*Asks:* 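The structure follows.
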Amino acid sequence: MSDLVSDRAHASSAGAAGPSTRPTAPVSAPRVARAWLGLAGLAGVVATWWLGIALFTTSGSLASQFSPTAALYALPDLIRDEQLGLHIAASLRRIAVGLAWAIVLGVPLGFLIGRVRWLDKALTPSLQFLRMVSPLSWMPIAVMSLGVGDPAVYFLLAFAALWPLAMSTSAGVTHIDRRWVQLGESLAATRWEMLWHVYMPGIAAHVLTGVRLAIGILWIVLVPAEMLGVNAGLGYLILDTRDRLAYSELTAVILVIGVLGFALDWAARFVYRRFGGAMQDDQGG
């Protein structure tokens, strides 16, 4: 039955859309131009930053330690002496654990909200209220309940990522093409077959959108969350460099946080373009 539901669903989608029209064209000139413009803009920001430090500070002053050149000079020592790689690994581990918990809790919650109308009406006001509460405002409660260290950080990260995943999943359920549902029901598909062959492909693109939004929120919440008594991580390293008055290293850590956050967002966008677009085409054909 599962193969029949899947084959009939894909056949229906292909018949409605006609032959596949997904060419593998080379990189277009506008995309290359946008990339060069982005690099030029980034170079301009760095140059403006360097020029402002050079013009408005004196050599050897405290403010001069925040220049991009000082940060680049401090980066090798930061990698060697402060074991930057271990701090990055600790932060990425916490991001992965927090995101995993948010997916485990948020996707089923969003699916139920999207499927059960009365549950949607009953829970939406409460979820909107909780969504508007800053995750960082739960820091004292997390520390008192879970203690300092990783458990409190995991809770804050999972709480922050839960809402975009739940709401994106709920939106995906409500936007599933009803013809797919009717097709599965007409073939007497079981609930498991409906879930796996109809609903999962239908909500996958929305879930990936929620994951990307969640990653952006997690990366913002991570740094202050890692100030809750942990002994490794980029947030911990920010506090450590501040306490040692090593402001050039602090600036270097800020740059590393920005680069890693950009890389995570790029990876999420790549996964969405690679898989989410194809799933939407299959469902919406």
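All values derive from a computational prediction rather than experimental measurement.
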*Asks:* Would F262 and L255 show up in the same hydrophobic cluster when neighbours are defined by side-chain heavy atoms closer than 4.5 Å?
*Replies:*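 Unlinked, F262 and L255 end up in two clusters.
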*Asks:* Quick check on the hydrophobic clustering: are L136 and I238 connected, directly or via other members, by side-chain heavy-atom contacts under 4.5 Å?
*Replies:*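 Result: yes, single cluster for both.
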*Asks:* Just by modelled atom types, is the L234 backbone N or O under 3.5 Å from a matching donor or acceptor in the E226 side chain?
*Replies:*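 Such a contact is found between E226 side chain and L234 backbone.
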*Asks:* Could you walk me through whether L127 and W163 pass the side-chain contact (heavy atoms from CB on, under 4.5 Å) test, one step at a time?
*Replies:* CA-CA 8 Å; L127 295 181; W163 315 117; 3.4 Å; yes
*Asks:* Can you check whether L162 reaches L130 side chain to side chain, under 4.5 Å on heavy atoms?
*Replies:*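 Of all side-chain heavy-atom pairs linking L130 with L162, none is under 4.5 Å.
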*Asks:* Tell me, yes or no, whether the heavy-atom count around N231 atom CG, taken from other residues, nucleotides or ligands under 6.0 Å, exceeds 12.
*Replies:*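 Open.
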*Asks:* With salt bridge (Lys or Arg N to Asp or Glu O under 4.0 Å) as the rule and sequence neighbours excluded, what pairs involving residues 138-148 come up?
*Replies:*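 Passing the test, one end in residues 138-148: no pairs.
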*Asks:* Minimum heavy-atom separation for A71 to T251, with atom names?
*Replies:*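 For A71 versus T251, the nearest heavy atoms are CB-CG2, 3.9 Å.
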*Asks:* Nearest heavy-atom pair of V153 and A225: which atoms, and what distance?
*Replies:*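 The answer is CG2-O, 3.3 Å.
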*Asks:* Taking the side chain as C-beta and beyond, is there a heavy-atom pair between L213 and L165 under 4.5 Å?
*Replies:*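 They are not in contact (no side-chain heavy atoms under 4.5 Å apart), so the answer is no.
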*Asks:* Heavy atoms, side chains only, cut-off 4.5 Å: are R244 and E249 in contact?
*Replies:*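 Result yes, sub-4.5 Å side-chain heavy-atom pair found.
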*Asks:* Indicate the atoms forming the closest heavy-atom contact of A161 with A214, along with that distance.
*Replies:*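 In this case the closest contact between A161 and A214 is CB-CB, 3.7 Å.
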*Asks:* Pairs in or reaching into residues 75-105: which pass ring-ring contact (aromatic ring centres under 6.0 Å, His included), with residues at least two apart or in two chains?
*Replies:*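 As it turns out, the ring-ring contact (aromatic ring centres under 6.0 Å, His included) pairs with a partner in residues 75-105, which skip direct neighbours, are H87-Y236.
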*Asks:* Please report the C-alpha distance between V173 and I113 in whole Å, then the side-chain angles of each, then the deciding distance to 0.1 Å, and finally whether the side-chain contact (heavy atoms from CB on, under 4.5 Å) criterion is met.
*Replies:* CA-CA 9 Å; V173 173; I113 293 174; over 6 Å; no
*Asks:* Could you note down all residue pairs passing side-chain hydrogen bond (donor to acceptor under 3.5 Å, both in side chains) where residues 129-151 supplies at least one of them, sequence neighbours left out?
*Replies:*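 Only R93-D150, R94-D150, Q128-R131 qualify under side-chain hydrogen bond (donor to acceptor under 3.5 Å, both in side chains).
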*Asks:* May I have the step-by-step check of side-chain contact (heavy atoms from CB on, under 4.5 Å) for V148 and V230, ending in yes or no?
*Replies:* CA-CA 7 Å; V148 296; V230 298; over 6 Å; no
*Asks:* Counting only N and O atoms by type, is there a donor-acceptor contact under 3.5 Å from the side chain of S91 to the main-chain atoms of I88?
*Replies:*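 No: the side chain of S91 does not pair with the backbone of I88.
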*Asks:* Considering residues at least two apart in sequence or located in another chain, which fulfil the side-chain contact (heavy atoms from CB on, under 4.5 Å) criterion with V107?
*Replies:*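 Partners of V107 by the side-chain contact (heavy atoms from CB on, under 4.5 Å) criterion, ordered by chain and then number, come out as I103, T169, V207.
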*Asks:* Go through the steps to decide whether F159 and L157 satisfy the test side-chain contact (heavy atoms from CB on, under 4.5 Å), and finish with yes or no.
*Replies:* CA-CA 5 Å; F159 184 88; L157 294 178; over 6 Å; no
*Asks:* For a quick test of reading the model, state the closest non-hydrogen atom pair linking G172 to I203 and the distance between them.
*Replies:*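 Scanning both residues completely, I find the closest heavy atoms to be C-CG2, 3.7 Å.
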*Asks:* Mind checking what makes side-chain contact (heavy atoms from CB on, under 4.5 Å) contact with R80, not counting sequence neighbours?
*Replies:*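 R80: side-chain contact (heavy atoms from CB on, under 4.5 Å) contacts with D77.
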*Asks:* Working to the nearest 0.5 Å, report the span between CD1 of I220 and CD1 of I257.
*Replies:*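 Answer for the CD1-CD1 pair, I220 versus I257, is 11.5 Å.
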*Asks:* To check you understand the geometry: which heavy-atom pair defines the closest contact between S248 and A74, and what is its length?
*Replies:*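 For S248 and A74, the tightest heavy-atom pair comes out as OG-CB, 3.7 Å.
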*Asks:* Quick one: closest heavy-atom pair of A158 and A102, and the distance?
*Replies:*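 Of all heavy-atom pairs spanning A158 and A102, the closest is O-CB, 3.9 Å.
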*Asks:* How would you list all residue pairs meeting salt bridge (Lys or Arg N to Asp or Glu O under 4.0 Å) that involve residues 42-56, not counting sequence neighbours?
*Replies:*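 Every pair satisfying salt bridge (Lys or Arg N to Asp or Glu O under 4.0 Å) with a residue in residues 42-56: there are none.
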*Asks:* I'd like to check W118 versus V116 (side-chain heavy atoms, cut-off strictly below 4.5 Å). Are they in contact?
*Replies:*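 Result yes, sub-4.5 Å side-chain heavy-atom pair found.
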*Asks:* Is there a side-chain contact between L237 and L78, using heavy atoms and a 4.5 Å cut-off?
*Replies:*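 Heavy-atom side-chain distance check passes, below 4.5 Å.
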*Asks:* In terms of hydrophobic clusters joined by side-chain contacts under 4.5 Å, are V97 and V104 together?
*Replies:*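 Different hydrophobic clusters.
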*Asks:* First locate atom NE2 of H175, then atom OG of S170, and finally report the distance between them rounded to the nearest 0.5 Å.
*Replies:*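 So the gap between those two atoms works out to 10.0 Å.
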*Asks:* For a quick test of your reading: what N or O donor-acceptor pairs under 3.5 Å do the side chains of residues 45-55 make, sequence neighbours left out?
*Replies:*
from, atom 1, to, atom 2, distance (Å)
T48, OG1, G44, O, 2.8
W49, NE1, F66, O, 3.0

*Asks:* Is there a path of hydrophobic side-chain contacts, each under 4.5 Å between heavy atoms of I, L, V, M, F, W or Y residues, that connects L260 with I79?
*Replies:*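 In one cluster: yes.
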*Asks:* Can you list the residues that meet the side-chain contact (heavy atoms from CB on, under 4.5 Å) rule with I217, with sequence neighbours excluded?
*Replies:*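 Here the qualifying residues are A160, P164, V221.
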*Asks:* Apply side-chain hydrogen bond (donor to acceptor under 3.5 Å, both in side chains) to T174 and list each qualifying residue two or more places apart in sequence or on a separate chain.
*Replies:*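 Per chain and number, T174 pairs via side-chain hydrogen bond (donor to acceptor under 3.5 Å, both in side chains) with no residue.
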*Asks:* Of all residues at least two apart in sequence or in a different chain, which pass the ring pair (Phe, Tyr, Trp, His ring centres under 6.0 Å) check with F270?
*Replies:*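 Partners of F270 under the ring pair (Phe, Tyr, Trp, His ring centres under 6.0 Å) test: W266.
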*Asks:* Do I141 and V143 sit in one hydrophobic cluster, given that two such residues count as connected whenever their side-chain heavy atoms are within less than 4.5 Å of each other, even indirectly?
*Replies:*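 Linked within one cluster.
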*Asks:* Please enumerate all residues that pass side-chain contact (heavy atoms from CB on, under 4.5 Å) together with I95, with sequence neighbours excluded.
*Replies:*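 So I95 forms a side-chain contact (heavy atoms from CB on, under 4.5 Å) with L218, W219, L222.
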*Asks:* Measuring only between side-chain heavy atoms, which start at C-beta, is D240 closer than 4.5 Å to L250?
*Replies:*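 D240 vs L250: side chains apart.
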*Asks:* For the CG atom of L146 and the CZ atom of F155, what is their distance to the nearest 0.5 Å?
*Replies:*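 Reported to 0.5 Å precision, the distance equals 7.0 Å.
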*Asks:* Only counting residues at least two apart or in another chain, list the ones meeting salt bridge (charged side-chain N to carboxylate O under 4.0 Å, His left out) with R242.
*Replies:*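 Partners of R242 by the salt bridge (charged side-chain N to carboxylate O under 4.0 Å, His left out) criterion come out as none, since no residue qualifies.
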